[in-house]
Amino acid sequence: APSSYARVHGEPSRAPAAWRDVPSVAREDLTDVIYQKAVGEGIAKITINRPDKRNAFRPRTVTEMSLCFADARDDPSIGVVILTGAGDLAFCSGGDQSVRGKGGYVGADGVPRLNVLDLQMQIRRLPKPVVAAVAGYAVGGGHILHMVCDLTIAADNAVFGQTGPKVGSFDAGYGSTHMARLVGQKRAREMWFLARLYGAAEAERMGLVNKVVPLRELEPETLAWCRQILSNSPTALRLLKSALNAAEDGQAGIQQLGGDATMLFYQSEEGNEGREAYLSGRRPDFSRFPRLP
Ligand code: S0N
């Protein structure tokens with residue numbers, strides 16, 4: 001039987017999107033990432049484009065992803081962002097070990113950095129859903145990137161896991177603590193301590209991914225989820241993301257949720273009464289606003 005959503009709206013379309021490049025960000029000469037928006041739809045797509053390295057990220061890759069996420073955040077026509085990897089073999093294999101130096105990953109400027117941590121925060125803070133579309137390997141820092149996305153759609157060839165303890169790295173931030181929220185403490189310790197890899201079906205059973213589909217269905221299924229998200233209230237989604245983050249993120253999470261409350265208050269008559277009174281040099285009159293239970 002069709003779902004209640006489908007009875008009202010019909011099934012969300014799985015039709016291909018007409019992707020266009022985004023000139024405002026393309027002018028930054030993106031080399032490591034492809035950035036597109038679906039014509040006439042509120043969907044942006046960021047594709048890590050280093051397939052020869054299983055889409056491992058170097059500092060430049062992370063900087064480019066960050067530019068694209070910032071653009072998607074600032075563009076009011078965008079309501080959902082897809083993060084994916086080029087090709088069928090990998091979503092992302094984590095930090096590029098060939099440019100790893102003492103103190104982090106070394107970019108063209110010779111400076112070692114761990115800028116993927118800032119990117120994780122940016123994805124968490126982005127007030128729009130971010131959907132990971134995973135084909136092939138999502139391992140190491142690449143596995144953490146999919147975990148910090150709001151939803152994950154996986155192809156049946158996807159492989160998930162942490163490799164850090166094998167290659168001399170670890171993520172003691174979201175990479176471990178958020179993972180424990182997703183899969184539970186025992187499983188998180190297993191994933192990190194044994195550094196095993198898990199197939200798509202097992203990852204789904206563990207609660208790491210939302211849905212597994214045949215590889216050829218990965219983009220259509222992801223688009224259908226995005227389109228269904230776009231049919232819902234953007235403010236409701238924003239507040240829900242903030243609240244779900246706040247339960248984990250302590251004061252930083254409260255700041256995000258508090259900022260959203262301020263944004264809503266600024267849109268209200270009561271909020272504007274204070275501003276208008278100040279600008280016209282009169283006392284504000286808040287007496288007409290109800291003190292609801
Ligand atoms: C992904 C794997 C399993 C794929 O195996 P497969 O299909 O057999 O392919 P390969 O022949 O192994 O690889 C193809 C080519 O791609 C290169 N390559 C793959 N992954 C990487 C990588 N991560 N870095 C550099 N090169 C990579 C191969 O070398 C090969 O190249 P060619 O063809 O020239 O020989 C398999 O490739 C694999 O296991 N890869 C390594 C996975 C890994 O260990 N990743 C790093 C894990 N650590 C992190 O990600 C750091 C965590 C992190 O980001 C972080 C956390 C907290 C705080 C800071 C940080 C931070 O580092 O910023």
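We count ligands from 1, going down the list as the structure has it; atoms in each ligand are counted the same way.
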Under 4.5 Å between side-chain heavy atoms, counting indirect links through other Ile/Leu/Val/Met/Phe/Trp/Tyr residues: same cluster for [X] and [Y] or not?
X: V130; Y: I46; result: yes
X: L151; Y: M65; result: no
X: L182; Y: F160; result: yes
X: W19; Y: V131; result: yes
X: F91; Y: I82; result: no

Under 3.5 Å: N/O of S169 near N/O of ligand 1: yes
Straight-line distance of E41 CD to S77 OG, nearest 0.5 Å: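 If we round to the nearest 0.5 Å, E41:CD and S77:OG are 11.5 Å apart.
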L83 CG to D150 CG distance, which is reported to the nearest 0.5 Å: 11.5 Å
Heavy atoms of the protein only: does one fall short of 4.0 Å from [atom]?
atom: atom 4 (C) of ligand 1; answer: yes
atom: atom 28 (C) of ligand 1; answer: no
atom: atom 34 (O) of ligand 1; answer: no
atom: atom 12 (O) of ligand 1; answer: no
atom: atom 16 (O) of ligand 1; answer: yes
atom: atom 48 (N) of ligand 1; answer: yes

Could you work out, for [atom], the closest of [options] by heavy-atom distance?
atom: atom 45 (N) of ligand 1; options: S93, G175, G140; value: S93
atom: atom 2 (C) of ligand 1; options: Y174, F170, F57, Y137; value: Y137
atom: atom 37 (O) of ligand 1; options: R58, R54, R50; value: R54

For [atom], which protein heavy atom lies nearest, and how many Å away is it?
atom: atom 55 (C) of ligand 1; answer: V116 CG1, 4.2 Å
atom: atom 19 (C) of ligand 1; answer: K53 O, 3.6 Å
atom: atom 56 (C) of ligand 1; answer: D171 CB, 3.4 Å
atom: atom 30 (C) of ligand 1; answer: D52 O, 4.4 Å
atom: atom 25 (C) of ligand 1; answer: D96 OD1, 3.2 Å
atom: atom 24 (N) of ligand 1; answer: Q97 N, 2.9 Å

H143/Y137 aromatic ring centres below 6.0 Å: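 Aromatic pair excluded; centres sit 6.0 Å or further apart.
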Which of the ligand 1 atoms, numbered from 1, are nearer than 4.0 Å to a heavy atom of G94: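 Ligand 1 atoms under the 4.0 Å threshold to G94: 50 (O).
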Element-labelled atoms of ligand 1 that are located less than 4.0 Å from some non-hydrogen atom of V167: 44 (O), 47 (C)
Geometric class of the F286/F289 ring pair [parallel <30°, tilted 30-60°, perpendicular >60°]: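 Tilted, since the angle between the ring planes falls between 30° and 60°.
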Between E190 and Y198, a side-chain donor and acceptor under 3.5 Å: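 Note: E190 and Y198 side chains meet the donor-acceptor criterion.
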Residues Q120 and R124: side-chain donor-acceptor under 3.5 angstrom: no
Taking non-hydrogen atoms only, is [X] closer than 4.0 angstrom to ligand 1 via side chain, backbone, both or neither?
X: T163; value: side chain
X: Y105; value: side chain
X: L117; value: side chain

Side-chain donor or acceptor of K45 paired with backbone N/O of A38 under 3.5 Å: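 The answer is no, because no donor-acceptor pair under 3.5 Å joins these two groups.
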